[in-house]
Amino acid sequence: MRAFIGLGIPENIRSFYTSSCKSLRKSADMYFVRLDKMHLTLAFFPDLPETYIKNIEDILKDLKREQFEIKCENIGLFKRKGIPSTIFIKIISDELNVYREKLHQKLKELNISFDDRKPYTPHITLGRIKDVTSEQDFTKSYRYIAQNFQSSSFVVDAVHLYSSDMISYKKEASEHFIKIYSEESEDENISKN
């Protein structure tokens with residue numbers, strides 16, 4: 001199955017940045033990722049055998065960590081053959097990078113294959129662009145958004161293993177996540193016992 005390990009994004013962050021980029025629709029055929037499906041990917045599995053889910057659960061349990069902060073620095077564009085294809089929020093977090101490196105090392109130690117071909121650019125995908133109808137207007141709108149970007153930050157308190165559905169060209173998290181690990185849920189389990 002397609003799956004990934006990722007972080008959920010607070011609702012106020014998702015809503016604010018999606019709204020701030022709506023003007024791009026005037027000059028591009030694009031869609032925004034559904035707010036309930038926004039995430040920050042740490043490891044993507046194109047074809048994860050279900051037999052590995054328990055191993056990944058164990059890895060996530062073993063990777064104890066303090067809560068860490070993520071800064072939303074600005075917006076960015078991924079391009080395909082020079083044409084904008086994805087608009088995203090640029091992320092800065094040294095703690096996130098350290099956590100991700102430890103996660104990848106553990107996956108490699110257990111020979112769990114994941115997509116590690118591209119250099120990692122921590123980001124939150126806001127929308128996907130199918131076609132730019134007016135390059136001049138799109139560039140003008142994009143620059144305005146970038147120049148007026150209001151940076152913000154949030155604290156990560158949970159890491160998720162998601163199943164992922166491929167629906168035509170959309171790569172989005174399914175509404176059902178496989179497991180969540182957070183200090184809060186662990187505290188709840190302790191108090192129930």
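None of these values were measured; they are calculated from a predicted model.
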Nearest 0.5 Å, what's the CD1-CD1 distance between I70 and I124? 7.0 Å
Are there over 12 heavy-atom neighbours, none belonging to E109, within less than 6.0 Å of that residue's CD? yes
Just wondering, do N55 and L107 contact through their side chains at under 4.5 Å, heavy atoms? no
Derivation and outcome, side chain to side chain contact (heavy atoms under 4.5 Å, CB included), residues I9 and I89: CA-CA 12 Å; I9 312 298; I89 301 173; over 6 Å; no
Counting only heavy atoms not in K22, do more than 12 sit closer than 6.0 Å to its NZ atom? yes
Which pair of heavy atoms, one from G127 and one from M30, lies closest together, and at what distance? CA-CE, 4.4 Å
Does F32 share a hydrophobic cluster with Y144, counting links as ILVMFWY side-chain heavy atoms below 4.5 Å and allowing steps through other members? no
State whether the number of non-hydrogen atoms from other residues, nucleotides or ligands found under 6.0 Å of D94 atom CG is greater than 12. no
Min side-chain heavy-atom separation L103-V159 under 4.5 Å: no
Partner set under side-chain contact (heavy atoms from CB on, under 4.5 Å) for E69, not counting sequence neighbours: S153
Which pair of heavy atoms, one from I75 and one from C21, lies closest together, and at what distance? CG2-SG, 4.2 Å
Between N74 and A146 the two heavy atoms that sit nearest each other are ND2-O, 3.3 Å
Are N97 and Y120 packed together at the side-chain level, in the sense that at least one heavy-atom pair is separated by less than 4.5 angstrom? yes
Measuring from atom OG of S85 to atom CG of D131, what distance do you get when rounded to the nearest 0.5 angstrom? 12.0 Å
Using 30° and 60° as the class limits, which term best fits the ring planes of Y162 and F4: parallel, tilted or perpendicular? parallel
Does K54 have any salt bridge (Lys or Arg N to Asp or Glu O under 4.0 Å) partners at least two apart in sequence or in another chain, and if so, which? D58
Among all residues two or more places apart in sequence or in another chain, which pass the side-chain contact (heavy atoms from CB on, under 4.5 Å) test with Q150? F16
F45 side chain near I56 side chain, heavy-atom distance below 4.5 Å: yes
Within this structure, what is the CZ-CD1 distance for the pair R100 and I5, rounded to the nearest 0.5 Å? 11.0 Å
Distance-only donor-acceptor check, side chains T86 and T125, under 3.5 Å: no
E135, CD atom: more than 12 neighbouring heavy atoms under 6.0 Å: no
Quick one: are L24 and I129 in side-chain contact, heavy atoms under 4.5 Å? no
Nearest heavy-atom neighbours spanning K106 and I59: CB-CG2, 3.8 Å
Nearest heavy atoms of L77 and F138, plus distance in Å: CD1-CE2, 3.9 Å
Output all residues satisfying side-chain contact (heavy atoms from CB on, under 4.5 Å) with L35, sequence neighbours left out; order by chain, then residue number. R14, S15, T18, M38
Rounded to the nearest 0.5 Å, how far apart are CG of D62 and CD of E57? 12.0 Å
Honestly curious: do I83 and L126 fall in one hydrophobic cluster under the side-chain, below-4.5 Å linking rule? no
Could you check F149 against S20 for side chain to side chain contact (heavy atoms under 4.5 Å, CB included), going step by step and ending with a plain yes or no? CA-CA 8 Å; F149 188 89; S20 70; 5.5 Å; no
Those residues at least two apart in sequence (or on a different chain) that pass ring pair (Phe, Tyr, Trp, His ring centres under 6.0 Å) with F78 are F88, H123
Can you check whether L40 reaches V156 side chain to side chain, under 4.5 Å on heavy atoms? no
Under 4.5 Å between side-chain heavy atoms, hopping through other hydrophobics if needed: is there a path connecting I92 to Y99? no
d(Y31 OH, R25 CZ) to nearest 0.5 Å is 11.5 Å
For D47, all residues meeting side-chain contact (heavy atoms from CB on, under 4.5 Å), sequence neighbours excluded: none
Side chain to side chain contact (heavy atoms under 4.5 Å, CB included) between Y142 and I87: does it pass, once the steps are laid out? CA-CA 9 Å; Y142 174 79; I87 185 162; 4.3 Å; yes
Identify whether F154 and V98 are in the same connected component of the hydrophobic contact network (ILVMFWY, side-chain heavy atoms under 4.5 Å). no
If every non-hydrogen atom of L48 is compared with every non-hydrogen atom of A3, which pair is closest and at what distance? CD2-CB, 4.0 Å
So how far is it from K90 NZ to C72 SG, rounded to the nearest 0.5 Å? 13.0 Å
Will you find, in the side chains of Y17 and S152, an N or O donor that is under 3.5 Å from an N or O acceptor? yes
